[in-house]
Undergrad: 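Supplied in structure tokens, the structure appears directly below.
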Amino acid sequence: MVEAVAMDLKSQINLEKLPQHIAVIMDGNGRWAKQHNKPRVFGHRNGVRSVREVTEAAAELGVPYLTLYAFSTENWKRPYTEVNALMGLLVDTLHKEIETLMKNNIRLQAIGDLSKLPSSTHRALLDGIEKTRHNTRMTLVLALNYSAKWEIIEAARKLAQEVQADKLDPNAIDEKIFANALSTSGMPDPELLIRTSGETRISNFLLWQIAYAELYFTPVFWPDFRKENLYEAIIDYQQRERRFGKISEQLAK
Ligand code: IPE
Ligand code: IPE
Ligand code: MG
């Protein structure tokens with residue numbers, strides 16, 4: 001039954017109009033666990049299946065870029081035990097899933113202040129990035145110790161240093177040069193941003209890159225998010241008119 005519903009939804013997707021980059025704020029693990037009378041970590045552990053499902057579904061459809069917000073710079077403020085459990089879960093998951101990424105020809109990348117991650121997490125991540133670097137079907141980007149404001153400041157600092165070293169004319173700085181100084185350099189901007197768990201905020205995620213993204217909010221908690229939920233989001237996205245400032249009549253149909 002569930003399979004049939006998923007297939008039906010999948011068949012409604014126009015593969016010619018897929019978002020070239022989908023970004024996801026995976027939220028609601030803690031509340032999901034609470035609903036099941038379990039500790040918060042139980043929610044994080046169950047969120048791994050959703051990561052697998054969404055990655056597989058996006059790759060099967062042919063979405064070129066998928067970015068998942070896994071840990072924000074602000075998340076360090078959580079209780080130490082939760083942060084520790086999350087970092088451990090990341091290491092375990094990376095170790096377990098690299099084979100699957102290889103099998104599915106998926107390249108792993110990461111954005112965020114990675115050097116501040118615990119060394120075991122950092123190493124597992126760099127190892128995964130290195131092993132999958134020649135894969136071509138889809139790029140899976142993990143946002144880890146990520147904050148958009150941090151990223152924008154880093155870019156500004158980098159450009160300022162180039163100006164100071166006489167390698168860049170300040171008047172030459174345009175959108176393209178600025179975008180290339182961000183950690184997402186070379187990636188298309190997300191066209192669809194999904195946030196689960198009913199929260200309708202951005203929480204310091206990809207502020208520059210989502211300037212024209214379509215936003216999709218669902219009440220579903222992340223550990224319950226399945227392939228069909230991704231299909232629903234893409235179908236919703238495809239029904240929208242993206243005007244980019246123009247009026248309807250100007251858009252080529
Ligand atoms: C998202 O779920 C996972 C991370 C932020 C790491 P939460 O842990 O934020 O779950 P809620 O929002 O408290 O339910
Ligand atoms: C955003 O979720 C960060 C991630 C999903 C990694 P949070 O649960 O940390 O966001 P707030 O605190 O509700 O804004
Ligand atoms: Mg949350």
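These numbers come from the heavy atoms of this one structure, side chains and all, not from hydrogens, waters or symmetry mates. For clarity, every value in this text was computed on a predicted model and none was experimentally measured. In each ligand, atom 1 is the first atom listed, and ligand 1 is the first ligand listed.
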Undergrad: What part of Ala70 sits under 4.0 Å from ligand 2 if we count only heavy atoms: the side chain, the backbone, both or neither?
TA: backbone
Undergrad: In terms of atom number and element, which parts of ligand 1 are under 4.0 angstrom from non-hydrogen atoms of His44?
TA: 3 (C), 8 (O)
Undergrad: Atom CG in Asp189, atom CG in Leu206: separation rounded to 0.5 Å?
TA: 9.0 Å
Undergrad: Which of the numbered atoms in ligand 1 are below 4.0 angstrom from a heavy atom of Asn75?
TA: 5 (C)
Undergrad: Minimum heavy-atom separation for Val63 to Leu18, with atom names?
TA: N-CD1, 4.1 Å
Undergrad: Does only the side chain of Phe71 get under 4.0 Å from ligand 2, or the backbone, or both, or neither? Count heavy atoms.
TA: backbone
Undergrad: Of all the atoms in ligand 2, which lie at a distance below 4.0 Å from a heavy atom belonging to Arg201?
TA: 11 (P), 13 (O), 14 (O)
Undergrad: State whether the number of non-hydrogen atoms from other residues, nucleotides or ligands found under 6.0 Å of Lys10 atom NZ is greater than 12.
TA: yes
Undergrad: Just to check, does Ser197 reach to within less than 4.0 Å of ligand 1 when the distance is taken from its heavy atoms?
TA: no
Undergrad: Hydrophobic clustering (ILVMFWY, side-chain heavy atoms < 4.5 Å, transitive) - are Val141 and Leu68 grouped together?
TA: no
Undergrad: Any idea which heavy atoms bring Leu144 and Leu125 closest together, and the distance?
TA: CD1-CD2, 3.7 Å
Undergrad: Measuring from atom 13 (O) of ligand 1, which candidate in Arg31, Arg40, Glu74, Glu82 has the nearest non-hydrogen atom?
TA: Arg40
Undergrad: Among all protein heavy atoms, pick the one closest to atom 14 (O) of ligand 2 and tell me residue, atom and distance.
TA: Ser203 OG, 2.6 Å
Undergrad: Do Phe42 and Trp222 land in one hydrophobic cluster if side-chain heavy atoms of ILVMFWY residues count as linked below 4.5 Å?
TA: no
Undergrad: Please step through side-chain hydrogen bond (donor to acceptor under 3.5 Å, both in side chains) for the pair His122 and Ser115, ending with a clear verdict.
TA: CA-CA 7 Å; His122 194 197; Ser115 64; over 6 Å; no
Undergrad: Leu193 pairs by side-chain contact (heavy atoms from CB on, under 4.5 Å) with which of Phe205, Tyr216, Phe217, Tyr237?
TA: Phe205
Undergrad: Nearest N/O/S atom of Asp27 with respect to the Mg ion (ligand 3), by atom name, please.
TA: OD1
Undergrad: Looking at atom 4 (C) of ligand 1, what's its closest protein heavy atom, distance included?
TA: Arg78 NH1, 4.0 Å
Undergrad: Under the side-chain hydrogen bond (donor to acceptor under 3.5 Å, both in side chains) rule, what do Asn46 and Trp32 come out as? Steps first, then yes or no, please.
TA: CA-CA 9 Å; Asn46 280 274; Trp32 183 89; over 6 Å; no
Undergrad: To which of Glu199, Lys77, Arg195, Met26 does the heavy atom nearest atom 2 (O) of ligand 2 belong?
TA: Arg195
Undergrad: Do any heavy atoms of Lys34 fall under 4.0 Å from ligand 1?
TA: no
Undergrad: Is there at least one pair of N or O atoms, one from Asp27 and one from ligand 1, spaced under 3.5 Å apart?
TA: yes
Undergrad: Nearest protein heavy-atom contact for atom 10 (O) of ligand 1: which residue, which atom, what distance?
TA: Gly30 N, 2.9 Å
